[in-house]
Amino acid sequence: MNEERKEFEKWMIDRERFGPNTVETTLRKMEYVLRHTFSRDDTESMQAFIRETWEKKGNKTANGYIKIINRWLRFKGLDEMKYFKEYGSDFQVQVSSPDEERKLLDVAKRRGPREYAMFSLMFGTGVRLGEAISLRVPDITIETITVRGKGQKVRQIYLPQA
């Protein structure tokens, strides 16, 4: 698997243009899938793995593994699996109340100036945790920050006055 793993990694980076976190997660999860199947090209045992995952953990988890397996199957030139249908969605965006936000910032302030700055930045701009963590000094100006988001997309965000 070592040589094949390297080829798969190169394919994801060069052809699919996946970011480093996506590549790392895909490799880790695909190795887990392959440990539970008979061979690297055995789609029947991969289907069995998906059925078992679906029975134990439901559509969302099974579809997550199907996404990973489909990347592998595309790399191997094999037919992709179909996803489970999602029936309704109970997902709702959760927004912090001003009181909850204040409490989190108080805790962050007690932890230290770095934590306080990170939470203030995330609340003030809406950047993701991973984007905030990967900021570097050259990415920051008086008025803006430049973040690299999902899919390695670069965008500029204006900083709030505070």
Side-chain angles (χ1 to χ4, degrees), residues 1-96 100 104 107-108 111-112 114-115 117-119 121-140 145-157:
M1 169 70 178
N2 214 4
E3 187 61 37
E4 194 171 40
R5 183 186 194 280
K6 288 178 187 174
E7 288 176 30
F8 184 41
E9 181 177 11
K10 185 178 182 331
W11 177 85
M12 285 190 288
I13 295 167
D14 295 344
R15 179 141 183 274
E16 298 292 308
R17 301 287 189 220
F18 290 144
N21 292 338
T22 303
V23 170
E24 181 184 332
T25 300
T26 300
L27 290 171
R28 183 175 38 81
K29 288 186 175 184
M30 196 60 214
E31 285 174 3
Y32 177 79
V33 169
L34 292 174
R35 281 196 305 268
H36 292 84
T37 59
F38 300 117
S39 79
R40 297 179 182 348
D41 300 331
D42 183 10
T43 54
E44 284 185 36
S45 62
M46 288 181 191
Q47 285 284 9
F49 170 82
I50 291 299
R51 273 192 301 278
E52 184 179 321
T53 302
W54 176 76
E55 288 168 359
K56 290 180 179 176
K57 299 187 178 182
N59 285 3
K60 189 173 182 179
T61 303
N63 281 339
Y65 276 107
I66 290 170
K67 179 171 67 175
I68 299 297
I69 290 170
N70 280 345
R71 290 175 185 161
W72 175 259
L73 295 175
R74 253 191 335 270
F75 164 70
K76 301 292 279 179
L78 300 170
D79 291 336
E80 295 183 26
M81 293 182 182
K82 292 192 188 299
Y83 289 93
F84 288 99
K85 289 184 179 171
E86 296 289 335
Y87 296 103
S89 177
D90 56 357
F91 175 78
Q92 294 179 0
V93 174
Q94 295 181 356
V95 179
S96 303
E100 292 170 322
L104 280 168
V107 171
R111 295 286 306 224
R114 179 178 183 269
E115 287 76 8
M118 294 282 279
F119 274 92
L121 177 72
M122 289 188 296
F123 281 129
T125 62
V127 298
R128 296 176 181 96
L129 177 61
E131 294 169 341
I133 289 171
S134 59
L135 278 174
R136 302 289 175 249
V137 173
D139 300 332
I140 304 167
I145 57 172
T146 302
V147 296
R148 184 175 305 273
K150 287 186 168 190
Q152 301 300 305
K153 293 178 187 142
V154 177
R155 66 186 196 282
Q156 271 198 326
I157 299 172

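The first residue of the sequence shown is numbered 1, and numbering continues consecutively from there.
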Student: Find the distance between OG1 (Thr61) and CD1 (Ile50) and round it off to the nearest 0.5 Å.
Tutor: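 Going from OG1 on Thr61 over to CD1 on Ile50, the span is 10.0 Å.
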Student: Of the non-hydrogen atoms in Ile68 and Met30, which two are nearest, and what is the gap between them?
Tutor: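 What the structure gives for the nearest pair is CG2-N, 3.8 Å.
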Student: Can you check side chain to side chain contact (heavy atoms under 4.5 Å, CB included) on Trp72 and Glu4, steps first, answer last?
Tutor: CA-CA 11 Å; Trp72 175 259; Glu4 194 171 40; 3.6 Å; yes
Student: Where is the tightest heavy-atom contact between Phe18 and Arg74, given as atom of each residue plus distance?
Tutor: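 Closest heavy-atom pair between Phe18 and Arg74: CZ-NH2, 4.3 Å.
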Student: How many angstroms lie between OG in Ser134 and CZ in Arg136, if you round to the nearest 0.5 Å?
Tutor: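 If I round to the nearest 0.5 Å, the distance is 6.5 Å.
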Student: Where is the tightest heavy-atom contact between Ile66 and Lys82, given as atom of each residue plus distance?
Tutor: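 Residues Ile66 and Lys82, closest heavy atoms: CD1-O, 3.5 Å.
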Student: How about Glu52 and His36: do any of their side-chain heavy atoms sit closer than 4.5 Å?
Tutor: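 Not touching, per the 4.5 Å side-chain cut-off.
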Student: Could you report the tightest heavy-atom contact between Lys67 and Tyr83, atom names first, then the distance?
Tutor: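 The answer is CA-OH, 3.4 Å.
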Student: Has the side chain of Asn63 got a donor or acceptor atom that lies under 3.5 Å from a matching backbone atom of Lys60?
Tutor: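 Judged by distance alone, no pair lies under 3.5 Å.
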Student: Identify, with sequence neighbours excluded, every residue that meets side-chain hydrogen bond (donor to acceptor under 3.5 Å, both in side chains) alongside Arg51.
Tutor: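 Here no residue qualifies.
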Student: Distance check, rounded to the nearest 0.5 Å: Ile69 atom CD1 versus Thr26 atom OG1?
Tutor: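 Ile69 atom CD1 to Thr26 atom OG1 measures 11.5 Å (nearest 0.5 Å).
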Student: Taking side chain as C-beta onward, heavy atoms only, is Arg71 less than 4.5 Å from Thr22?
Tutor: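 Answer yes - side chains close enough.
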Student: Once the angle between the rings of Phe8 and Phe75 is folded into 0 to 90°, is it parallel (under 30°), tilted (30 to 60°) or perpendicular (over 60°)?
Tutor: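 Aromatic pair Phe8/Phe75 classed tilted.
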Student: Is NZ or CZ of Arg111 both nearer than 6.0 Å to the six-membered ring centre of Phe119 and within 45° of the ring axis?
Tutor: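 The answer is no; the distance or angle limit is not met.
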Student: Flag the pair Val147 / Asp139 as yes when at least one side-chain heavy-atom distance between them is below 4.5 Å, and no otherwise.
Tutor: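 Of all side-chain heavy-atom pairs linking Asp139 with Val147, none is under 4.5 Å.
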Student: Would you check if Glu9 and Ile13 make a side-chain contact, meaning some heavy-atom pair closer than 4.5 Å?
Tutor: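 Counting from C-beta outward, Glu9 and Ile13 do come under 4.5 Å.
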Student: Please indicate whether Asp14 has more than 12 foreign heavy atoms, meaning atoms of other residues, nucleotides or ligands, lying under 6.0 Å from its CG.
Tutor: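 Counting other residues, nucleotides and ligands, CG of Asp14 exceeds 12 neighbours.
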Student: Atom CZ in Arg148, atom NZ in Lys153: separation rounded to 0.5 Å?
Tutor: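 Rounded to the nearest 0.5 Å, the CZ-NZ separation comes out at 12.5 Å.
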Student: Between Thr43 and Asp79, is there a side-chain heavy-atom distance shorter than 4.5 Å?
Tutor: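 Sidechains of Thr43 and Asp79: no contact.
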Student: In terms of ring plane angle, is the pair Trp54 and Phe84 parallel, tilted or perpendicular, where the classes change at 30° and 60°?
Tutor: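 Trp54 vs Phe84 ring planes: parallel.
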Student: Ile133 and Met118: side chain to side chain contact (heavy atoms under 4.5 Å, CB included), yes or no, with the steps?
Tutor: CA-CA 8 Å; Ile133 289 171; Met118 294 282 279; 3.6 Å; yes
Student: Any idea which heavy atoms bring Glu80 and Leu73 closest together, and the distance?
Tutor: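 Smallest heavy-atom distance, with atoms named: CA-CD1, 4.0 Å.
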Student: Look at the side chain of Asn70 and the backbone N and O of Met81, then say whether any donor-acceptor pair between them is shorter than 3.5 Å.
Tutor: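 Here the side-chain-to-backbone pair exists.
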Student: Taking all heavy atoms of Ala132 and all of Leu121, pick out the closest pair and write down the distance.
Tutor: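 Result for this residue pair: CB-CD2, 4.1 Å.
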